[in-house]
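What follows is a single structure, written as C-alpha cells, with notes after it.
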Amino acid sequence: MHKQPILLRRTGSSLPDTNAAIPIADETPGRRDSSHKRKLSGIPLDAEAIIQRASVQTSLEQIADEEEGSFCGDPDSLRTEQLVGGGGGGNNNNGPSSSMPEFSELFPDNQGGWSSLKSLLTSRAVTGTTLFVMAVTFVLLRPHSSTIEEGSGSNLNPAATGVIGGALNSNNNHNNNPQVGSKEITIGEEHQETVGAPMEHHVHEYNKIQFFDSPDKMKPIYSKGPILWDEEMGGLHMFENVCLTNNVDALRYRPDPDTGLRGLIYFTPDESIAKNSKRCVPCSNKQSMENWEDANKDRKVVGHKCGMTGLHAMFASSVGDWSDCIMEEDNTKLMEEWGQTQSPVNVSTIHFFQEPAFALQFDAYDNQKSLFDMLMTYLPHWDKFLGGSRGDGDNGGFPFSSVISHSLQGCLSHSHDWFCEILHQMYAFGEAKEIPWEDNENTLYCYRELYYNQVGYQRNLDHEGLVTREVFGEFREMLFRKFGLPRRRTVEDRLEELEYEKAQGKKNEGDENNADDADGEDDDNGTKIIFYDNKMSEQTVWNQMESLISKARGLEKYQNIKFVTQKDFNRLSVAQQARKFNEADAVIMAHGQHMANAIFAVDGTSFVEVGCKVESLIGNPRFMKLMDGKYKAVEKCTEGGDDGSVCVACNDDGDDGVKFTMTPGAFEKLIDDVVASLQQ
C-alpha cells in the first residue's frame, strides 16, 4: 500500500500547526540538540523555533477576513485532512506534492516586516549571523602572502633569550629575519621559507650589542685611534673597533696587586704586522708609557707599539688571529715572564658593543691611587661634560652612553667600594649605564667606540691648569652636599657660620640652659685631632700609639685639644669616614690609603702621615695648594740623628709588614708642630 507523503498543508494562515510532526533524520527521542546542520524534511533549521514562537503569540495576531472561511469546519477534521493529504481552502492536489513549503507561506506578507524581523532575532539566527560576519572579516583581513623587508629586526625570539652576567643577554634571531643585503623571505599560507640568508643572518643582537658565538662569524674590523677628545686637556682618548682584555697577572703582584691594567687588541690589515710572530704580546708593565708613540726597549722585542700606561697594545688581523697568536708557546712564556698574561685565553664568545662606552680603570686596592691615577685625569673633562649636560637638560654633555669597569664589577650599580661611591655621588658619568660582564676566560668584549681615561696622566698634577681650584672646589662642594657633611668647606663660609651662631647666642643670653649649651659648643669647637694606628692592617702599623696619647692628655698645654682615636676605618661606611675627616682640624695617622679621605676635610686642615717610608700622593704640594692644607711626613730616624727630631723607630717583620714606634718626646713635639700650623 502506497503511503501518502507527510505534508504540510499550504494555508493562507500565518499560524502553522504546532502539533504537526517535523521529522529529523537523526533525532534522538527526548533530545532536540541534533548535531546535523540540516533536516531531511527540507524545513530550515529555525523553522521549529519559529513555529513555537508563533504558537505562543496566537492570541496577539489577527486573522485576515478572507482566511476565516477556511476555518469554518471542525478543527479536528481539518487537522485529519491535513495529515492524510486532503485539500483545504482550495489547495487540493491529486498528485504528489513537494514537501518543501514556499518561503512566502512560512512568512506571509500580510504580517509586514515584523515577522521577518522576529525570525532574525532568534538565538540561532543571531549566532549564525555573528559567525558569518566574523568569517567574512577574517577572510578579508587575512593576508594570503607577505614579504618581510630587509633589515627587519624589531621582534625578539623569546626562546633565544637568556641572562648573562646579571643582565639580559638576548640571542635574538629577529624571528629568522635576514639582515640588510639578504634575500627576501616569502610567507605562504602553510609555511615560511628562507632562501640564501647570509652569515650575518645568524648574528644575534639585543640592545645595540652584537653577540657572536664564534670568532669566525664576526666580520673583519679595523681599528682607529687613539684620538684626543680635547687636545687642550689631554688624558682622554677615543678608539674605534677595539677589544679589551684583563691582565690576570696584575692581581698577583706583591705586595701591591693592581686591578687597573688592561690589554687593547688593535686590528690592522698591515701585512708586516701579520708576519710578526710577537704581534699579540704586550710590552712589560715596568715602564711608563705616556704617549702611544713612545719608544722603549720592549718595543724592539715585540716589534710593535706598546700603548699607554694602563693600556698595553696588542695587534692582530682578527679575533681568531689574536687568539691563535697568544696560544703559541713562545708568546705564552714571554707574557708570563713580563707579568702580562691576558684573559680571555681561548675566545669562543664575543660581545660587540655598538654604542660609545667609557673604560673605567682604577686600582680597587688603593684609594689614593684611584683618586690620583683616574679621577685627577678625568675631573676637567667631567666638569666640561657636566656643564654641557646642564645646558641640554639631559645626558647630552657626555659623549658615551655606557661604562665598562673590569676593575670592579658593579662599581656604579651596587658596590660600596670607597672610590665607586665617590663616582656615584659626583654623578661622574651622567646617565651612562654600567655594562655587566662575565667572569670567564672565553668571552671577549669589543667596542665600536671606546673612551679611555689615561691612567696616571695626572698622578702628580704635572699638567698644570687642568685641575684648577675652581674645578676641584666644585667637585668637593658636591661631595659635601651629597654626604651631608656638617662643616662648611672654606674658611670664609665657616666664619660666616660662626658669626651667625654668635648672633643667635646673644638673643639667648638670659637663659641658663642656653648658656650651658653654649659652653658645650665651646668645648666642641676646641681643636680636634684624629689618630689612627692602622692596627687592623697587615702592613704599616703604629705600635703603642694609644699610650702616647694617654700621656699627652695629662699635659696642661693640651687641655683644649681633643684626642680622638679611630679603631678601624675599614668598618666605617664611606659617609662615616667622610664625617670623621670633616670634623677634624688635624689628622695624624699611619701611612695608608685611608688618607684619601682628605678630600672631605675642610680647607686649612693639617695632615700628618707616619711610617718608616712614606710615599704619599696626598702630600703633593700642588694638591695641598688646592685644599689650602698643610702636610707633613714622619719617617724612620736616621742613624746618629738628634734625639729631639720627630721620627720613628722601625721593626721590619718581613711578610707581616712594617711596625714602628715613637718616643714620647717626639710625639709631644709633633703635636706642638701641628697646633702651630693650625694657628698660622
Side-chain angles (χ1 to χ4, degrees), residues 250-251 255-261 310 358-379 382 403-429 434 453 455-456 458-459 467 472 475-486 489 530-540 566-584 587 589-602 605 607 609 611 615-620 623 626-627 629:
L251 300 177
D256 299 315
D258 192 345
T259 64
L261 300 182
F358 181 91
L360 174 57
Q361 293 181 217
F362 62 95
D363 187 355
Y365 292 108
D366 194 320
N367 295 341
Q368 281 197 49
K369 288 179 63 177
S370 299
L371 180 64
F372 284 86
D373 285 352
M374 186 275 166
L375 196 57
M376 289 303 171
T377 302
Y378 183 65
L379 269 182
W382 165 80
V403 178
I404 179 70
S405 171
H406 283 285
S407 297
L408 189 63
Q409 190 174 35
C411 180
L412 302 181
S413 57
H414 59 267
S415 174
H416 295 290
D417 174 79
W418 184 89
F419 187 64
C420 294
E421 188 68 22
I422 299 299
L423 296 175
H424 176 73
Q425 294 298 337
M426 67 180 282
Y427 196 64
F429 309 108
E434 183 175 3
N453 184 68
V455 172
Q458 274 284 69
R459 169 179 286 190
V467 182
F472 194 64
F475 160 67
R476 293 175 64 212
E477 284 288 352
M478 179 176 286
L479 295 183
F480 275 48
R481 292 194 305 269
K482 290 288 187 177
F483 288 100
L485 302 181
R489 181 178 65 86
I530 292 181
F531 294 86
Y532 182 57
D533 57 13
N534 204 24
K535 276 191 174 181
M536 303 305 296
S537 171
E538 297 181 355
Q539 298 182 13
T540 305
Q566 177 60 45
K567 295 294 184 183
D568 186 7
F569 268 102
N570 293 321
R571 292 183 175 272
L572 300 180
S573 66
V574 179
Q576 291 171 329
Q577 295 181 47
R579 192 178 185 90
K580 290 287 185 182
F581 271 72
N582 180 260
E583 294 175 344
V587 178
M589 61 189 304
H591 171 55
Q593 64 169 332
H594 297 297
M595 190 59 85
N597 285 294
I599 59 176
F600 300 113
V602 299
T605 302
F607 305 95
E609 282 192 274
E615 295 178 351
S616 177
L617 298 172
I618 294 293
N620 188 329
F623 182 75
L626 294 173
M627 297 188 56

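Not measured: the values here are computed from a predicted model. Numbers here are sequence positions counted from 1.
Judged by distance alone, the side chain of Gln425 and the main-chain N or O of Lys482 form no donor-acceptor pair under 3.5 Å. Listed for the Gln368 side chain is a donor-acceptor partner under 3.5 Å among the backbone atoms of Gly592. Remark: the backbone N or O of Ser573 is paired with a side-chain donor or acceptor of Gln576 at under 3.5 angstrom. In terms of modelled atom types and a separation under 3.5 Å, the side chain of Asn367 and the main chain of Ala596 share no donor-acceptor contact. Proximity of a side-chain donor or acceptor of Glu434 to a complementary backbone N or O of Val403 within less than 3.5 Å is not detected. A donor-acceptor contact shorter than 3.5 Å links the side chain of Asn582 to the backbone of Phe600.
A donor atom on one side chain and an acceptor atom on the other are not found under 3.5 Å apart for Gln361 and Ser407. Between the side chains of Asn570 and His594, at least one donor-acceptor pair of N or O atoms lies under 3.5 Å. In summary, the side chains of Gln593 and Asp366 do not present any donor paired with an acceptor at a separation below 3.5 Å, with no hydrogens or angles considered.
Of all heavy-atom pairs spanning Lys567 and Met536, the tightest one is O-CG, 4.1 Å. Between Arg459 and Asn620, the shortest heavy-atom contact is O-ND2, 4.5 Å. Across every non-hydrogen atom of Met374 and Leu360, the tightest pair is CE-CD1, 3.6 Å. In terms of heavy-atom proximity, Ala601 sits nearest to Thr605 at CB-OG1, 3.7 Å. Looking at every heavy atom in both residues, Phe362 comes nearest to Ser405 through CE2-OG, 4.0 Å.
No side-chain heavy atom of Trp382 sits under 4.5 Å from any side-chain heavy atom of Thr377. Side-chain atoms of Thr259 and Leu408, non-hydrogen and from C-beta on, never get closer than 4.5 Å to each other.
Scanning for ring-ring contact (aromatic ring centres under 6.0 Å, His included) contacts around His406 gives Trp437, Tyr445, with sequence neighbours left out. Residues forming a side-chain hydrogen bond (donor to acceptor under 3.5 Å, both in side chains) with Gln566 (at least two apart in sequence, or on another chain): none. Lys369 pairs by the side-chain hydrogen bond (donor to acceptor under 3.5 Å, both in side chains) definition with Asp363, not counting sequence neighbours.
The environment of CD in Glu477 is crowded: more than 12 heavy-atom neighbours from other residues, nucleotides or ligands sit within 6.0 Å.
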Inset, instruction - Show the numbers, then the answer: is there a ring pair (Phe, Tyr, Trp, His ring centres under 6.0 Å) between Phe623 and Phe472? - result: CA-CA 10 Å; Phe623 182 75; Phe472 194 64; 5.5 Å; yes
Inset, instruction - Please test Tyr378 against Phe475 for ring pair (Phe, Tyr, Trp, His ring centres under 6.0 Å), starting from the C-alpha separation and ending with a verdict. - result: CA-CA 11 Å; Tyr378 183 65; Phe475 160 67; over 10 Å; no
